[in-house]
Amino acid sequence: MSLQVIEPEIIFSSMRNGIIVVDQDMKVIFMNGYAQQLLKIFESEYLGAEIKQFIPNTKIHNVLESGESTIGVKMTINGLPCIVNRTHMYQDGQLIGVVSVIQDISEMEDYQKHLKNMEKIIEFSTDGIYVVNKEGKTILVNSAYEKITGFRRQELLGNHMADLMGRGYFDQSVSLLVLKEKKQISILQTIDGKKDVIVTGNPVFDEQGEISMVVTSVRDITHLSNMANELRKAKTISEISHNRFSFTFDGSDQKVVFKSPQMKEVMAKVELVAPFPTSILLTGPSGTGKEVVANLIHHVSNRKDKPFIKVNCGAIPEQLLESELFGYEKGAFTGARQDGKIGLLELADQGTVLLDEVGELPLPLQVKLLRVLQEKQIQRIGSSKIKQLNIRIISATNRDLKELVAAGKFREDLFYRLQVVELYIPPLNERPADIQTLIDHFFAYYCRLYNMDKILAVETKKILQSYQWPGNVRELKNLMESMVVSVPSFKIEPMDLPPHFHKHFTPESPASLKQQVEQIEKRIILDAIQKHTSIRKAAEFLCVDHSTLVKKLKKWENERIG
């Protein structure tokens with residue numbers, strides 16, 4: 001059948017819009033299949049019937065009376081939202097009826113409701129949302145983005161990202177990078193020098209595989225950056241520039257300062273055992289640096305990117321230690337948190353645990369810790385569930401665990417589990433070769449930290465070198481900080497040391513009266529210069545000639561250099 005002989009009814013019946021034709025008396029003379037389906041009637045029912053019988057709220061009579069067509073009228077037909085267009089029919093110049101075209105828009109309204117719901121979801125997102133089209137123009141910005149960045153959406157909408165960059169809104173645009181690279185891209189940005197944000201741009205592709213838009217999410221990570229900064233501040237890893245006595249493993253920024261053969265042997269053993277998950281026991285007097293060695297072991301192991309949890313077994317009350325180590329379920333005991341608590345051992349899963357002062361661990365907890373080491377399992381207080389655990393245990397103590405075992409205060413089986421590898425960190429009086437190296441290290445470190453320019457007198461260094469250091473590295477480190485911040489003079493003399501240092505040192509030749517007087521004079525002059533900020537003002541304060549101070553300072557400088 002050729003197109004020219006197809007009946008109009010066939011064409012109308014194929015349309016996805018309803019077609020209704022009425023005569024000038026408002027009686028239906030034609031209704032296509034879609035209209036019949038919409039009104040739920042059959043052909044035999046509508047022929048010759050008045051249109052109001054099927055559509056009570058029809059306005060066709062207004063069109064017939066006014067002689068004007070109506071376009072895009074919204075009305076409800078048979079409970080469905082529709083758009084109706086009405087057009088007159090003329091024959092030989094006479095009005096003979098009206099043709100109505102009806103479009104069911106229920107699906108369209110559902111889609112619009114869906115879009116509105118999506119807009120609400122985007123608007124209530126706590127992440128900032130920023131959308132550009134394929135040309136790079138801004139088409140959507142949510143409230144969270146305004147709050148995070150401080151930019152108003154009215155300033156951004158409709159503007160191209162390149163123009164906004166030129167006006168100083170952004171230093172770089174992840175949206176433009178995504179449009180160029182056609183893949184997800186994340187960058188870190190700082191807004192207004194105050195807020196750190198992570199910006200992730202995601203491309204949205206159309207059916208042809210071309211980018212239709214870029215959706216960018218912005219998350220405020222300022223609080224995380226602040227936490228990272230605080231952790232960096234708390235980290236007291238020190239180093240001296242080009243210090244040839246610093247030991248570091250490949251790929252590690254952990255350094256242990258030493259020169260003695262005893263510490264060289266310890267470091268060689270650390271390098272040997274660190275890659276394995278073996279339990280390690282660090283022994284030695286308090287303050288020798290056992291925690292520093294533990295840090296190094298974790299950092300050079302394959303667990304360095306996993307948690308490193310430190311537990312001081314002697315600092316936590318016995319009644320709380322079990323819940324801290326193993327955690328508990330809600331309602332496990334009186335005073336327990338309603339949501340329970342994850343224990344420190346569980347938090348360290350896949351990582352390392354340092355049990356400092358392990359000799360203080362109560363006997364009941366030693367049994368539970370032994371199970372963790374033997375079976376690699378943990379069970380929270382009040383729970384019947386057993387969780388598999390993969391942790392490395394490093395223990396540290398300044399007590400003799402063998403004596404505790406003999407006294408019945410420490411389990412023998414646990415001792416041997418912890419002491420698979422034992423590293424003894426000797427005290428400073430057993431490794432005197434490290435004393436001067438550590439003095440130089442910590443003195444230089446605190447001078448840099450507090451922006452001080454000071455030196456240690458030769459005699460002061462001799463006293464420090466001969467001292468026995470009962471508090472070991474910790475005592476030495478604390479003294480260096482104290483002298484840097486509390487001694488006002490440029491050069492730190494023996495008299496600046498605490499009194500108990502002098503009884504441990506006998507000078508090769510006692511200072512003469514003239515030398516002692518010169519030391520006191522030097523101290524007074526240097527203090528005056530520091531307080532009055534210039535040599536001339538210090539001379540006026542001391543009631544001496546300016547040139548006198550210049551000559552004395554030059555003499556002392558030559559002595560220092562010599």
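Judged by the 6.0 Å distance and 45° axis criteria, K402 is not positioned over the aromatic ring of F415.
Note that NZ of K304 and OG1 of T352 are 12.5 Å apart. Values are rounded to the nearest 0.5 Å.
Within 6.0 Å of CZ on R152 lie no more than 12 heavy atoms contributed by other residues, nucleotides or ligands. Annotation: K368, atom NZ; neighbour count of heavy atoms from other residues, nucleotides and ligands within 6.0 Å is above 12. Crowding of K306 atom NZ: a count of heavy atoms from other residues, nucleotides or ligands under 6.0 Å not exceeding 12.
By the salt bridge (Lys or Arg N to Asp or Glu O under 4.0 Å) test, E357 pairs with no residue at all, sequence neighbours left out. When the ring pair (Phe, Tyr, Trp, His ring centres under 6.0 Å) test is applied to F410, no partner is found at least two apart in sequence or on another chain. Listed by chain and residue number, nothing satisfies the salt bridge (Lys or Arg N to Asp or Glu O under 4.0 Å) test with E540 (two or more places apart in sequence, or in another chain). Partners of D413 under the salt bridge (Lys or Arg N to Asp or Glu O under 4.0 Å) rule, at least two apart in sequence or in another chain, are R411. Under the rule for a side chain to side chain contact (heavy atoms under 4.5 Å, CB included), the partners of A348 that lie at least two apart in sequence or sit in another chain are I309, V353, I391.
The main-chain N or O of G284 is found under 3.5 Å from a side-chain atom of K290 such that the two form a donor-acceptor pair. Within the 3.5 Å criterion, the main-chain N or O of L428 finds a donor-acceptor partner in the side chain of N472.
Between P277 and R303, some side-chain heavy-atom pair lies under the 4.5 Å cut-off.
Among residue pairs with one or both ends in residues 275-286, those qualifying as side chain to side chain donor-acceptor pair (under 3.5 Å) are T283-E422, S286-R474; sequence neighbours excluded.
Side-chain contact check for Y445 and E481: no donor-acceptor pair (N or O, by modelled atom type) lies under 3.5 Å.
For the pair D434 and K259, the salt-bridge criterion is not met [side-chain N within less than 4.0 Å of a carboxylate O]. Taking 4.0 Å as the cut-off between side-chain N and carboxylate O, E346 and R380 count as a salt-bridged pair.
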